[in-house]
Amino acid sequence: MAGNDVIFNRIAEALLIDYASVCYVNAGTGEYEWYSLDPDFRSLQIEQGGRDFFSDIAQIARSVVHPDDQHIFTNDMRKDRLLSAVKEGRMQSVAFRMLIGGKPVYHRLRLIRKASDNEDYFVLGAINIEKEMRIKQSAERFEREREQFNQIAHSLASHYDTIYYVDMETNHYIEFSSTDIYKQMRVPPGGNDFFAESRKNVEKFVHPEDRAKVEALHNKETLLKNLEARKTHAVTYRLVVFGEVMYCRHFEMWAGDRKHVIICVENINEEVAREETLRQAMAINITYSQIAERLADRYDTIYYVDAETEQYAEFSSTNLLQALSAPAGSSFFATAKKNIASVIHPDDQTMLYAFLNKSLLLGTLHFPEVRQIEYRLVINGVSVYVRLSAMFTKDQRHLLFCVENIDKQVRALKSANKMARTDELTGTKNKLAYQELEESFQANINNREAQPFAIIVCDLNNLKAINDSQGHQAGDRCIKAIAKLLCDTFTHSPVFRIGGDEFVVVLSGSDYDWRDALLDSLRAQILGNLKRNVQPVAATGISVFDPASGKKFSDVFARADSMMYDYKRDMKRRL
């Protein structure tokens, strides 16, 4: 290119501005020179000059520019378009991503000197703006996620009267949400010393009988001690607002960063009234603090879902308030249903599909209503009970799906139910379990849905005499022995101990089909014991349900009981 001295001077002047690279172009001939002092640019091994800038720049772009940005050089910078934009002043700067070391790095292509009517030369400079773009993107992402967090917090706060977010290092606090009642009390919505401000309000609004414990509650050292070894701490007390007593629940918990404490205050007037009614009716002495501890359990996972687009973000309960990024995705309902087949217990899949029917859910769920369903996740082959709660956020444009692990509670309840229906001595089912089975079978009979079944009544012989002559331990051994014999014989049927020496077996399925052979085997073993004068010895009777004439389950039992006494008399004649 001619006029190299002038070119080099202009290049040098441009490089002083700290551009990553500078390109000097003759718009008329297409000749160009490309200079760079940046080691990253040099690593791309771009030709330092050529005869056709417009053709070469398109070719270079295909190898070193991010595919989504290549159109800038292959289309927007075609000769006619670029020269027109340069002369009209429209070509000032454009951002693009350069692939350096396989990674996209943001640069800005800027017009340093444009062609004029007197000369055809123009100068383009490329400057690294990666840091600037990342800061901008982080700010935009933070703003989007801050709005999500606000929506989540407002929605959760709608279930309380007010929530305080307290910095435990500085004591600075903000009040996140407040009802009209709290606004009328003129409690400051934020400040530099939560504990000092709270102690002033105790004297104004707390019931005189509760002031001592509430003053202690708003002591910083006491709060920290309360949260040393527990997840949450809850206390109930009374406020006096405009002459009216208002029961409140106050509970506190650490935020995920362990630097802030979240304090929630809830009006529980209605709950207190219900609890008092329940206490009087059932005489159960459960304190409101214990109830608060249970209600204060945190969710394990929260999904924040756009009800229209189905885009969603997933938040962990341990860092909900301070996280700046979270797993996200699109098509929440489709994704959730796709995962049902792989992570939900087969017996629970149908009801969860129905619960996650988008049209039905959006048509029937209204703010601030909460819809819940309980089901089992299968994790590493082990079933875990969880509860899913669905609710609208305050803007009624987003949904919250909150997942809570309730496995311990459910299994404890099942264990308690099993113990309540198990005979402690024999391990068989007890009379309560038998009564429940009778009600279930009777319902099937009433609905004409009863399947074939038979009842065997078994009564241990001479239990009183054994207890009197050998002691109750010997009697208990006889009871356990006959129970084991029944269970070993009727392996597919429930065995019930309904009295001290009386058992019932309800046969169905294969045991029903083979009832005669099984009963013969049982009786043969008992008769053998009778001949050898060893225990257990018992009388048995059987009765089969006849759907054509039978109306009551109890009638089948009565016939089996009668047959048992007939057999018992026959056994005595054999002695």
Peer 1: Please confirm whether the backbone N or O of Val537 pairs with a side-chain atom of Asn529, one donor and one acceptor, at under 3.5 Å?
Peer 2: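 No: the side chain of Asn529 does not pair with the backbone of Val537.
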Peer 1: Rounded to the nearest 0.5 Å, what separates atom CD1 in Ile542 from atom CG in Asp516?
Peer 2: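 Reported value, rounded in 0.5 Å steps: 6.5 Å.
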Peer 1: Are the side chain of Arg421 and the backbone N or O of Glu436 linked by a donor-acceptor pair below 3.5 Å?
Peer 2: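 The answer is no, because no donor-acceptor pair under 3.5 Å joins these two groups.
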Peer 1: Specify the closest pair of heavy atoms between Thr393 and Phe367, including all atoms of both residues, with the distance to one decimal.
Peer 2: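 Scanning both residues completely, I find the closest heavy atoms to be O-CD1, 3.5 Å.
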Peer 1: Checking Asp348 against Leu352 for the side-chain contact (heavy atoms from CB on, under 4.5 Å) test, could you report, in this order, the C-alpha distance in whole Å, the side-chain angles of both residues, the deciding distance, and whether it holds?
Peer 2: CA-CA 6 Å; Asp348 298 341; Leu352 195 56; 5.8 Å; no
Peer 1: Determine, stepwise, if the pair Phe401 / Phe332 fulfils ring pair (Phe, Tyr, Trp, His ring centres under 6.0 Å).
Peer 2: CA-CA 10 Å; Phe401 290 92; Phe332 172 82; 4.8 Å; yes
Peer 1: Restricting to non-hydrogen atoms, name the atom on Cys458 and the atom on Ile482 that form the minimum distance, rounded to 0.1 Å.
Peer 2: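 Smallest heavy-atom distance, with atoms named: SG-CG1, 3.9 Å.
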Peer 1: Could you give me the CA-CA distance, side-chain angles and deciding distance for Arg477 and Ile466, then say whether side-chain contact (heavy atoms from CB on, under 4.5 Å) is met?
Peer 2: CA-CA 10 Å; Arg477 287 195 294 271; Ile466 294 171; over 6 Å; no
Peer 1: Would you mind reporting whether Leu388 and Tyr375 have side-chain heavy atoms less than 4.5 Å apart?
Peer 2: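 Yes. Closest side-chain heavy atoms under 4.5 Å.
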Peer 1: As an exercise, state the distance from CG of Asp520 to CZ of Arg515, rounded to the nearest 0.5 Å.
Peer 2: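 Spacing of CG (Asp520) from CZ (Arg515) equals 11.5 Å.
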Peer 1: Looking at residues at least two apart in the chain, or sitting in another chain, which of them share a side chain to side chain contact (heavy atoms under 4.5 Å, CB included) with Asp306?
Peer 2: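 Side chain to side chain contact (heavy atoms under 4.5 Å, CB included) check on Asp306 returns Glu308, Thr309, Arg397, His398.
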Peer 1: Say whether, by atom type as modelled, one donor and one acceptor occur between the side chain of Lys552 and the main chain of Ile445 under 3.5 angstrom.
Peer 2: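 It does not hold such a pair.
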Peer 1: Test your reading of the model: is there a side-chain donor-acceptor pair from Thr489 to the backbone of Leu485, 3.5 Å cut-off?
Peer 2: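 Judged by distance alone, yes, a pair lies under 3.5 Å.
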Peer 1: Heavy-atom distance under 4.5 Å between the side chains of Asp501 and Ile479, does that happen here?
Peer 2: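 Asp501 vs Ile479: side chains apart.
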Peer 1: Quick check: do Leu400 and Tyr304 have side-chain heavy atoms less than 4.5 Å from each other?
Peer 2: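 Yes, their side chains come closer than 4.5 Å.
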Peer 1: Examine distances only and state if a side-chain atom of Asn219 and a backbone atom of Thr222 form a donor-acceptor pair shorter than 3.5 Å.
Peer 2: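 Present.
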Peer 1: Atom OG of Ser554 and atom CD of Gln442: how far apart are they, to the nearest 0.5 Å?
Peer 2: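 Output value for this atom pair is 6.5 Å.
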Peer 1: So does Lys358 have more than 12 non-hydrogen atoms from other groups sitting under 6.0 Å from NZ?
Peer 2: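 Buried by this count: over 12 neighbours within 6.0 Å.
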Peer 1: Within a 6.0 Å radius of atom CE on Met168, are there more than 12 heavy atoms belonging to other residues, nucleotides or ligands?
Peer 2: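 Enclosed: over 12 neighbouring heavy atoms sit under 6.0 Å from CE of Met168.
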Peer 1: Which heavy atom of Ala450 sits nearest to which heavy atom of Phe545, and what is that distance?
Peer 2: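 Between these two residues, the closest heavy atoms are CB-CE2, 3.9 Å.
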Peer 1: So, do Leu507 and Leu518 sit near enough that their side-chain heavy atoms are less than 4.5 Å apart?
Peer 2: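 Not touching, per the 4.5 Å side-chain cut-off.
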Peer 1: Look at the aromatic rings of His250 and His218 and report parallel, tilted or perpendicular, splitting at 30° and 60°.
Peer 2: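 His250 vs His218 ring planes: perpendicular.
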Peer 1: For Val457 and Tyr565, what are the C-alpha separation, side-chain angles and deciding distance, and is it a side-chain contact (heavy atoms from CB on, under 4.5 Å)?
Peer 2: CA-CA 10 Å; Val457 175; Tyr565 280 109; over 6 Å; no
Peer 1: Could you check whether any side-chain heavy atom of Gln451 comes within less than 4.5 Å of a side-chain heavy atom of Asn444, counting everything from C-beta outward?
Peer 2: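 No - every pair of side-chain heavy atoms lies 4.5 Å or more apart.
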Peer 1: Of the non-hydrogen atoms in Leu425 and Lys480, which two are nearest, and what is the gap between them?
Peer 2: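 Looks like O-CD, 3.4 Å.
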Peer 1: List the atom of Val544, the atom of Val556, and the distance in Å for their closest heavy-atom pair.
Peer 2: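 Taking Val544 first and Val556 second, the nearest heavy atoms are C-CG1, 4.3 Å.
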Peer 1: So do Val403 and Tyr303 actually touch side chain to side chain, heavy atoms under 4.5 Å?
Peer 2: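 In short, these two side chains touch, coming nearer than 4.5 Å.
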Peer 1: First locate atom CD of Glu404, then atom CD1 of Ile406, and finally report the distance between them rounded to the nearest 0.5 Å.
Peer 2: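 Reported value, rounded in 0.5 Å steps: 7.0 Å.
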Peer 1: Would you say that more than 12 heavy atoms from the other residues, nucleotides or ligands in this model lie under 6.0 Å from the NZ of Lys213, or not?
Peer 2: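 Yes, NZ of Lys213 has more than 12 neighbouring heavy atoms, counting only those of other groups under 6.0 Å.
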Peer 1: Got a second to check how far Lys484's NZ is from Thr428's OG1, nearest 0.5 Å?
Peer 2: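 One gets 13.5 Å once the value is rounded to the nearest 0.5 Å.
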Peer 1: Going from CG on Asp561 to CZ on Arg559, what distance comes out if it is rounded to the nearest 0.5 angstrom?
Peer 2: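 Asp561 CG to Arg559 CZ: 12.0 Å, rounded to 0.5 Å.
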Peer 1: Is it true that a side-chain atom of Lys429 and a backbone atom of Tyr434 form a donor plus acceptor pair closer than 3.5 Å?
Peer 2: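 No.
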Peer 1: Walk me through it: do Lys337 and Tyr353 pass the test side-chain contact (heavy atoms from CB on, under 4.5 Å)?
Peer 2: CA-CA 7 Å; Lys337 289 183 177 180; Tyr353 279 125; 4.0 Å; yes
Peer 1: Can any side-chain N or O of Asp210 pair as donor or acceptor with the backbone N or O of Tyr237 at less than 3.5 Å?
Peer 2: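 Flag not set: sc Asp210 to bb Tyr237 has no pair under 3.5 Å.
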Peer 1: Given side chains that start at C-beta, do those of Val240 and Arg238 come closer than 4.5 Å, heavy atoms only?
Peer 2: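 The answer is no, as the side chains (C-beta and beyond) never meet within the 4.5 Å cut-off.
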Peer 1: Taking atom types as modelled, find out whether Glu310 and Ser331 have a side-chain donor-acceptor pair closer than 3.5 angstrom.
Peer 2: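 No, no side-chain donor-acceptor contact under 3.5 Å.
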Peer 1: Do the side chain of Asn447 and the main chain of Ala443 share a donor and acceptor less than 3.5 angstrom apart?
Peer 2: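 Side chain of Asn447 to backbone of Ala443, a donor-acceptor pair under 3.5 Å: yes, one is there.
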Peer 1: Just jot down the side-chain hydrogen bond (donor to acceptor under 3.5 Å, both in side chains) partners of Arg523, sequence neighbours excluded, or say none.
Peer 2: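 For Arg523, the residues satisfying side-chain hydrogen bond (donor to acceptor under 3.5 Å, both in side chains) (neighbours in sequence not counted) are Thr540.
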Peer 1: Using side-chain hydrogen bond (donor to acceptor under 3.5 Å, both in side chains) as the criterion, list what pairs up with Glu374, not counting sequence neighbours.
Peer 2: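 Arg387.
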Peer 1: Using every non-hydrogen atom in the two residues, find where Phe392 and Ala307 come nearest and quote the distance to one decimal.
Peer 2: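 Nearest heavy atoms, Phe392 then Ala307: CE2-CB, 4.4 Å.
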Peer 1: Got Lys220 and Leu223 here, is their nearest side-chain heavy-atom distance under 4.5 Å?
Peer 2: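 No, side chains not in contact.
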